[in-house]
*Asks:* 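Here it is, the structure in full.
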Amino acid sequence: MFMLICMSSYWATTNYVNSQAFRVAAGGTKTDNIKNLRQIHAFILKTASFPLPPPTLELISSSRNLGYLCFILKHLENQDLGLDICNDIVRSLNGNSLRAVVLFREMLVNGFRPDNYTVPYVLKACSKSQALREGVQVQAYAVKTGLVLSNVYVKNTLIRLYSVCGSVSYARKVFEESSLRDVVSWTTLIQCYVKNGFAREAILTFFEMCDAKMKADEMTAVIVLSACSKLGDLKLGRKLHDYILDNRVPSDVYVGNALVDMYLKCGDANSARKIFDEMPVRNVVSWNSLISGLANQGEFKDAMDMFRKMQSIGVEPDDFTLVGVLNSCANLGLLELGKWVHAYIDRKQIEADRFIGNALVDMYAKCGAIDQAFKVFRGMKCRDVYSYTAIIIGLAMHGEAKRALSIFSDMPRRGIKPDEVTFIGVLTACSHAGLVVEGKRYFKDMSCVYNLRPQTEHYGCMVDLFGRAGLIEEAQELIENMPMEPDAYIWGALLGACRIHGCVELGEDVMKKLLKVEPERDGAYVLMSNIYSSANKWRDAVKLRKEMKGKNIKKTPGCSSIELDGVVYEFRKGGKSHPRSKEIYKLLEEIMSHIKNFNNLAQ
DNA sequence: TTAGGGTTAG
């Protein structure tokens, strides 16, 4: 008794004894007299103030015996306090769905009525671990007690549960069930569509929301903009931007970032840049949106400039930044900078798995360092379909077909299912190595074994495979039997085959078809002109060049680039931009002369 | 005491 009096006097002591009692409740000391402990326990709960002091709460949350806790709470004189304590505890479970549901059940068993606070907490915990079955049990209670119809928090957390579990139609059903809805209900439903891949429906729901005279807030704006980014619809994006301005939606850093992302994904880099420049507050995501957005638009140099600027003002890059930078390095051939990023990753002890690892493999492969790419690939603890595809495509591009196919054959053993892009790599490998029989088998396996439907790109690879091997008739037959309309890639591949094998008449026919699907490009003219030249049909070649000129179609000049000491030098036919171009041309002449001499000797 | 937010790879 003395101990009890003491502990009710001092908060700190209360805290201590409280903790001790709950340590027992948590299953710690079995030798103590359980009866006495229960008395102490009950006393503490009766005198405990609400909310519970954090150490006590922490102990209860970690207790295995939530049933015992409810049993004790049941005997409190003040039942409202008991419910409050339960709510406090369920909140502190911090998204642990299983324990939240256990406590919820124990509450019911011990005669408590979970209220409009308990239910959203438990549903939130279920959402966090996608525990749909448990969530549905809680829903049943919420329906029975009328909470779903009367409390918008309950309704919204339920929409969210179905959303994160991928049940779009149920989320919509809960939303529709009553007219009880606020801006969070609408936003959660819109987000449900976006997260589950229905961007168009998300936008339509936003329009419905506007018709219902519900005003969007900054969170709605962010989600609707992300839907628009996925659609790449600039006209819509501008409309949404106008909506934000007209309705004075508070524009915080999230809205700014979403706008930058939207404009870039919709192909308007200038507007994205303008928004970015005018943002009063930026964070690392703002920079990431701009850097990766520019890289995805093919503006790799601008992306790299922004990365340098970001560094110069001391913003620390994160995983997202590094992936965007590696992507730009890969496409610009910036091996040295790519290596620097790799060293940075090592220095910061960032794990090179998943996105970062895959981006490194791709960067090394695209920059010509295939052995380094392979080393990173081998060193990855956790490889996925992206990792395999990156290395297979890399090896295929480097002419290492056998290695590429060997890695492909390793995938089933590792439990990784190839996807459509993996097969592009596999078929490219076959095509470059002239492996016709293997290529045909892989193409067949795509649908028969892996249940993947070949797309135009795969037919393009097969046309290329047959074409390179001189099997022009087989290539034509495949095109005739394609389930979709042949596009420019298909005709381009066949025309390429005509060039290799000198098929002038067929080439003329294919060129017409290529021009039908791609009239403004130079590819068809250039290839056909080469076919004529190879067949010594100079007049036809000249005629074609004139026709091209008449239609104002210019040949896209081929471009090579070399990185030296971190600087990229680009070379185009006839280009004189390099400060030492005179020396370069002189050396080129010397090389050509050596080659000619070598050829003469060989003959 | 309670619900909804942006950026990454082949």
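Both backbone and side-chain heavy atoms feed into the values below; hydrogens, waters and symmetry mates do not. Naming: A, B, ... by sequence-line order, numbering from 1 per chain.
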*Asks:* Tell me what A:D115 touches on the nucleic acid: a base, only sugar-phosphate, or nothing, going by heavy atoms under 4.0 Å.
*Replies:*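 Touches nothing.
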*Asks:* Among B:dT2, B:dG5, B:dG4, find the nucleotide with the atom closest to the side chain of A:N116.
*Replies:*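 It is B:dT2.
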*Asks:* Base, sugar-phosphate, or nothing for A:S387, non-hydrogen atoms under 4.0 angstrom?
*Replies:*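 Nothing, no heavy atom under 4.0 Å.
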*Asks:* In terms of side-chain heavy atoms of A:F355, which of B:dT8, B:dT1, B:dA3 is nearest?
*Replies:*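 The answer is B:dT8.
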*Asks:* Within the 4.0 Å heavy-atom criterion, would you say A:V255 contacts the bases, only the backbone, or no part of the nucleic acid?
*Replies:*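 Result for A:V255 = base.
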*Asks:* Rounded to whole Å, please give me the gap between CD1 in A:I223 and C1' in B:dA3.
*Replies:*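 A:I223 atom CD1 is separated from B:dA3 atom C1' by 12 Å.
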*Asks:* The side chain of A:D261 is closest to which nucleotide in this list: B:dG10, B:dG5, B:dT7?
*Replies:*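 Selected nucleotide: B:dT7.
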*Asks:* Nearest of B:dA9, B:dG10, B:dT1 to any side-chain atom of A:N358?
*Replies:*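 Among the listed nucleotides, the one closest to the side chain of A:N358 is B:dA9.
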*Asks:* Contact class for A:T321 vs. all strands (heavy atom < 4.0 Å): base, sugar-phosphate, or nothing?
*Replies:*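 Here A:T321 touches no strand at all.
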*Asks:* Using the side-chain heavy atoms of A:Y117, tell me which of these nucleotides is nearest: B:dA9, B:dG4, B:dT2.
*Replies:*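 Side chain of A:Y117 sits closest to B:dT2.
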*Asks:* Is it true that A:F206 and A:Y243 have ring centroids separated by less than 6.0 Å?
*Replies:*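 Yes: the rings meet the under 6.0 Å criterion.
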*Asks:* Picking from B:dT1, B:dT7, B:dA3, which would you name as closest to the side chain of A:Y121?
*Replies:*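 In terms of side-chain proximity for A:Y121, the closest of B:dT1, B:dT7, B:dA3 is B:dT1.
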*Asks:* Has A:Y386 got its ring stacked on B:dG10, by the test of a centre gap below 5.5 Å and a plane angle below 30°?
*Replies:*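 It does not: the two rings, one from A:Y386 and one from B:dG10, miss the stacking criterion.
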*Asks:* Among A:I223, A:L204, A:V168, whose side-chain contact (heavy atoms from CB on, under 4.5 Å) with A:Y193 holds?
*Replies:*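 Output: one option passes, namely A:V168.
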*Asks:* Between B:dT8, B:dT7, B:dG5, spot the one nearest the side chain of A:D319, thanks.
*Replies:*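 Selected nucleotide (nearest to the side chain): B:dT8.
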*Asks:* Starting from C1' on B:dA3, measure out to NZ on A:K124 and report it in whole angstrom.
*Replies:*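 So the two atoms are 8 Å apart, to the nearest Å.
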*Asks:* Please state whether the base of B:dG4 and the side chain of A:T187 form at least one donor-acceptor pair under 3.5 Å?
*Replies:*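 Side chain to base: pair present.
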*Asks:* Could you check whether A:V183 gets within reach of a base, just the sugar-phosphate, or nothing at all, counting any heavy atom under 4.0 Å?
*Replies:*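 Base contact.
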*Asks:* From the set B:dG4, B:dT7, B:dA3, return the single nucleotide nearest to any side-chain atom of A:R160.
*Replies:*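 In terms of side-chain proximity for A:R160, the closest of B:dG4, B:dT7, B:dA3 is B:dG4.
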*Asks:* Looking only at the side chain of A:P120 (C-beta and beyond, no hydrogens), which of the listed nucleotides B:dT2, B:dT1, B:dG10 gets closest?
*Replies:*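 Minimum distance to the A:P120 side chain belongs to B:dT2.
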*Asks:* When you get a sec, tell me which of B:dT1, B:dG5, B:dT8 is the closest nucleotide to the side chain of A:Q191?
*Replies:*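 Out of B:dT1, B:dG5, B:dT8, the nucleotide with an atom closest to A:Q191's side chain is B:dG5.
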*Asks:* For the residue pair A:N327 and A:N331, confirm or rule out a side-chain donor-acceptor distance under 3.5 Å.
*Replies:*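 A:N327 vs A:N331: donor-acceptor pair found between side chains.
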*Asks:* Nearest 0.5 Å, please: how far is CG in A:N296 from CG in A:D261?
*Replies:*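 Going from the CG atom of A:D261 to the CG atom of A:N296 covers 9.5 Å.
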*Asks:* At under 4.0 Å between heavy atoms, what does A:V385 touch on the DNA or RNA strands: base, sugar-phosphate, or nothing?
*Replies:*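 Base, at least one base heavy atom under 4.0 Å.
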